[in-house]
Amino acid sequence: MRLRRRLAFHFTYQLIAFSAFMFCFLIVLLFFLIKHISDEEMRRNFPTGVLNSIVTETVTENGKVLLDDHWKQLLQDKEMWLQVVDMKGNVIHATNTAPDVPSEYSVSSLLEIKEKRRLGEYTMDWQMDLTYKDPLLYLAGRIDESSDHLREWYARYQAGGRVDPAYAAELKHDLVSLGGYLHVIDRDGQIVQAIGKESEYKASYHPLEIITMQEQPGTYSTHIAVYRDPATGSTWVYHTPQDETLEKQPIMNELIRVALWTLLCVLILSLAVAIWHGYRYSRPLLLFTGWFERMGSGAYEEVLTPKDRKRVFRKNGKLRMRFKLYKEVIHSFYRMAEKLAETERERERLDRNREEWMSGISHDLRTPLSSIQGYGYMLENAPQDWSQEELREMGTVIREKGDYMLELIDDFSLVFRLKSEIRPQELARLDLNELVRRCVLKYVNDVTLDANFSYIGGEEPLLIDGNAKWLKRLMDNLLTNAVKHNPEGVHVEVRVERRPGGAAIVVADQGVGMDEETRRNLFERYYRGTNTEESMDGSGLGMSIAKAIVEAHRGRVGLWSEVGCGTTITVLLPEVSVQGDADCTAHGKDD
C-alpha cells in the first residue's frame with residue numbers, strides 16, 4: 001500500500017508540477033508578448049504610444065499621481081514633459097516641465113491645445129484617463145524642430161498658400177541642408193508644389209494618409225510636420241528622414257507569429273520532458289524484464305548481473321536516486337528470488353526424499369507380500385501335507401502381514417487427508433486434561449510395555465474444540481514413538497498446561513535423544529520408509545501423522561532433543577476461551 005501511495009503521489013505531483021511549470025511558462029510568455037506588443041506600438045506611435053502606456057500603467061491614489069521612475073527617465077531622455085490636469089484645470093502632477101509651462105488651464109486654453117496641438121513653442125499630445133470617477137487629462141509636450149521649421153518657412157516664403165517662386169531656391173537650400181523635402185497639397189490631396197530631394201516621386205495623398213502618418217510615425221520612412229492654412233485650404237507637409245523604420249503590419253499577424261513561437265517552445269519543452277520521462281522510467285522496466293528472463297530460466301540466485309548492480313546501487317550499497325521510487329519492488333524481487341531459490345532447493349531435497357520413501361515403501365510392501373505369496377504357493381501346491389497347527393500358523397502370518405499392509409495404506413491416506421483443517425462439524429468441546437489422562441492410563445495398564453509413565457495435569461477443565469478420535473491417535477503416536485525408539489524401562493512424563501498461547505501437551509522422555517539430522521526431518525513423511533523387519537507394530541509414519549493432526553486443529557508442534565539427554569515434544573492447541581474472545585472481538589469490529 002505504501003508503494004501504491006508513493007507511486008500515485010510521485011506521478012501526481014510530477015503532473016501537477018509540470019502543469020504548474022507550463023502555466024507559469026505560458027504566463028511569462030504572455031507578459032513578454034504584451035510587453036513586446038506594447039513596445040512595438042509605442043515605437044510605431046511615438047510619442048502618442050508613450051502617452052498611452054503612461055496612462056495605462058499610472059495609478060492615482062487620493063489625488064496623487066504615482067508615476068514609475070522609468071517613465072520619468074524616458075520623458076527626460078526624449079526631452080518631453082508631462083502634466084496631469086484634474087476636472088478643475090489644476091495640474092496635480094508635473095514631470096520635467098519648463099518654467100514657461102502653465103500650472104493651471106482654462107477651458108479656452110485646453111480647447112486651443114486640442115485644436116492646434118500646440119502650447120507656445122511646444123507640440124502637444126493629450127489623452128483622457130476615464131478610469132476614475134473624475135476624469136484626468138494627460139498632457140505631453142515636446143519641442144518639434146520640424147514643426148517649428150515649417151511654421152517659420154510658411155511665414156517667410158508663402159504667397160497665396162503656396163511657396164513664392166522668388167524664394168523657392170532659398171527654401172530648397174534649407175531643405176537640402178536638413179535632408180528633407182516639402183509638399184504643398186490642395187484641398188483634394190493633389191501635390192501642387194514639391195521642393196527638395198525625392199519630392200517628385202509622389203503625385204497625391206489619400207484622404208487618411210497624412211492622419212495615419214501622424215498617428216503611426218514609426219511605420220513610415222519619414223517623419224512629417226503638417227501646417228494647414230485655413231484661408232487658402234493649402235497644406236504644407238514637411239518630410240524628414242526617420243532614424244529607424246518599423247515594418248507596418250496588422251497586430252493579428254504579430255500575435256500569430258508570437259503564438260507560433262510559443263507553441264514551438266512548448267512542443268520542444270514537452271518533447272524534452274517526455275524523452276526524460278521515458279529514459280528515466282524505462283530503465284527500471286528493462287531491469288525488471290531482465291530479472292524475469294533470468295528467473296524464467298531458473299537462475300534464481302542471479303537477481304542482478306554485476307553490470308546491473310553498478311547501475312542500481314552506489315558503492316556504499318544504497319540505491320541510486322533514479323531507482324529509489326521502486327525500492328520496495330527491488331527488495332521484493334530479492335526476497336522472492338531467495339524464496340524461489342530456497343523452494344527449488346527444498347523441491348530437490350523432497351525429490352530425493354520421495355525417491356528414498358518410494359524405495360522404502362516398495363521394500364515394506366514387498367516383504368509382507370513375499371511372505372503371503374510364499375505361503376499361498378505352499379497351500380496351493382500341497383495343502384494335504386500340512387497339519388492343522390501349521391495351517392493355523394500360516395494363516396496367522398498371512399493375517400498379520402495383511403493387517404500391516406492395510407495399516408500402512410491407511411496411514412498414507414490419513415497423511416493426505418489431514419493436509420487440510422478438520423471441518424467444524426467434526427469438532428466437539430473436549431476437556432484436554434481428561435482426554436490425555438485416559439490415553440496415558442491405557443499405556444500404564446498395558447503390561448506388554450516395559451516403560452514408566454507419569455501424568456501431570458490441572459484440576460480444572462481445560463477446554464478445547466477438537467476431534468477426540470484424532471487427538472487420541474495423536475497421543476498414541478507420541479507415546480508409542482517415545483517407547484519404541486528408547487531402551488527398556490524409559491521414563492515418559494506427560495503434562496497438560498495452560499499457557500498464554502493456548503493449551504499445551506508436553507511429552508518428555510529421558511531416552512537416547514536425537515541428532516541434528518533426525519530432529520530436522522522427524523516430522524517429514526518422506527524422510528525414511530519403514531522396515532517391517534524392525535517392527536510390525538506400525539507404519540513408521542507416526543510423527544508425520546501427529547504433526548498433520550496438530551495442524552488440522554490449528555495448533556503447532558515443537559521439538560527439543562539432544563543426544564543422550566532425551567526428547568521433549570510440545571503440542572500447543574487453541575483454548576476455547578481464547579478462541580471465543582477472538583470471535584467476539586471480530587464480531588464487535590464487524591458491528
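- Side-chain atoms of S561 come within 3.5 Å of backbone N or O of G566 as a donor-acceptor pair.
- Remark: of the listed residues V506, V507, V557, V507 is the sole one forming a side chain to side chain contact (heavy atoms under 4.5 Å, CB included) with L478.
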Show your working on side-chain contact (heavy atoms from CB on, under 4.5 Å) between L463 and L432 and close with a plain yes or no. CA-CA 6 Å; L463 301 179; L432 191 62; over 6 Å; no

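- Considering CG of D476 and OH of Y443, their distance stands at 3.5 Å, rounded to 0.5 Å.
- Separating the CG atom in D446 from the CG atom in L479 is a distance of 11.5 Å, to the nearest 0.5 Å.
- The pair R495-E493 meets the salt-bridge criterion, since a charged nitrogen lies less than 4.0 angstrom from a carboxylate oxygen.
- The shortest non-hydrogen separation linking M543 to F523 is O-CD2, 3.4 Å.
- The two residues D68 and E57 come nearest to each other via the heavy atoms OD2-OE1, 4.4 Å.
- Put simply, CD1 on I549 and NZ on K469 are 10.0 Å apart, with the number rounded to the nearest 0.5 Å.
- In terms of heavy atoms, Y375 sits closest to I398 at CB-CD1, 3.8 Å.
- Salt-bridge check for E434 with R437: passed, with a basic side-chain N closer than 4.0 Å to an acidic carboxylate O.
- Of the possible donor and acceptor atoms, one in the side chain of N486 sits under 3.5 Å from a partner among the backbone N and O of V512.
- V563 and M514 make their closest contact through CG2-O, 3.4 Å (heavy atoms, listed as atom of the first residue, atom of the second, distance).
- Side-chain atoms of D509 do not come within 3.5 Å of backbone N or O of A482 as any donor-acceptor pair.
- Other residues, nucleotides and ligands place no more than 12 heavy atoms under 6.0 Å from the CZ atom of R438.
- Here the CG atom belonging to N452 is positioned 11.5 Å from the CD atom belonging to E488, to the nearest 0.5 angstrom.
- In this structure, R399 pairs ionically with D403, as a charged nitrogen and a carboxylate oxygen lie closer than 4.0 Å.
- Rounded to the nearest 0.5 angstrom, K401 NZ and T396 OG1 are separated by 12.5 Å.
- Salt-bridge annotation for R392 and E389: present, with a side-chain N of the basic residue lying under 4.0 Å from a carboxylate O of the acidic one.
- By the 6.0 Å contact criterion, OH on Y377 is open, its count of non-hydrogen atoms from other residues, nucleotides or ligands being 12 or less.
- Residues C565 and W560 are in side-chain contact: their nearest non-hydrogen atoms beyond the backbone lie under 4.5 Å apart.
- Listed here is the closest heavy atom pair of A503 and I464: CB-CG2, 4.0 Å.
- Checking side-chain atoms of E400 against main-chain N and O of V397 turns up no donor-acceptor pair under 3.5 Å.
- At a threshold of 4.5 Å between non-hydrogen side-chain atoms, the residues E517 and R520 count as touching.
- For P574 against R554, the heavy-atom pair with the smallest separation is CG-O, 3.5 Å.
- Of the possible polar contacts, one joining the H553 side chain to the N467 backbone as a donor-acceptor pair under 3.5 Å is found.
- The backbone N or O of E460 lies less than 3.5 Å from a partner atom in the side chain of N433, making a donor-acceptor pair.
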Quick one: do V483 and F453 satisfy side-chain contact (heavy atoms from CB on, under 4.5 Å)? Show the steps, please. CA-CA 10 Å; V483 174; F453 294 91; 3.5 Å; yes

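- Look at E551 and R556 and you find no salt bridge, because none of the NZ, NE, NH1 or NH2 atoms lies under 4.0 Å from a carboxylate O.
- Paired with V496 under the rule side chain to side chain contact (heavy atoms under 4.5 Å, CB included), one option of D431, L462, L435 passes, and it is L462.
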Begin from the C-alpha positions of V494 and I456 and carry the test side-chain contact (heavy atoms from CB on, under 4.5 Å) through to its verdict. CA-CA 6 Å; V494 181; I456 302 175; over 6 Å; no

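- Panel note: side chain N445, backbone L441; a donor-acceptor pair is recorded below 3.5 Å.
- Note that CD1 of I505 and CG of L573 are 5.5 Å apart. Values are rounded to the nearest 0.5 Å.
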Given the rule in the side-chain contact (heavy atoms from CB on, under 4.5 Å) test, do V576 and D465 qualify, once you have shown the distances and angles that lead to the verdict? CA-CA 6 Å; V576 168; D465 284 336; 3.8 Å; yes

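- Side-chain contact check for T518 and D515: at least one donor-acceptor pair (N or O, by modelled atom type) lies under 3.5 Å.
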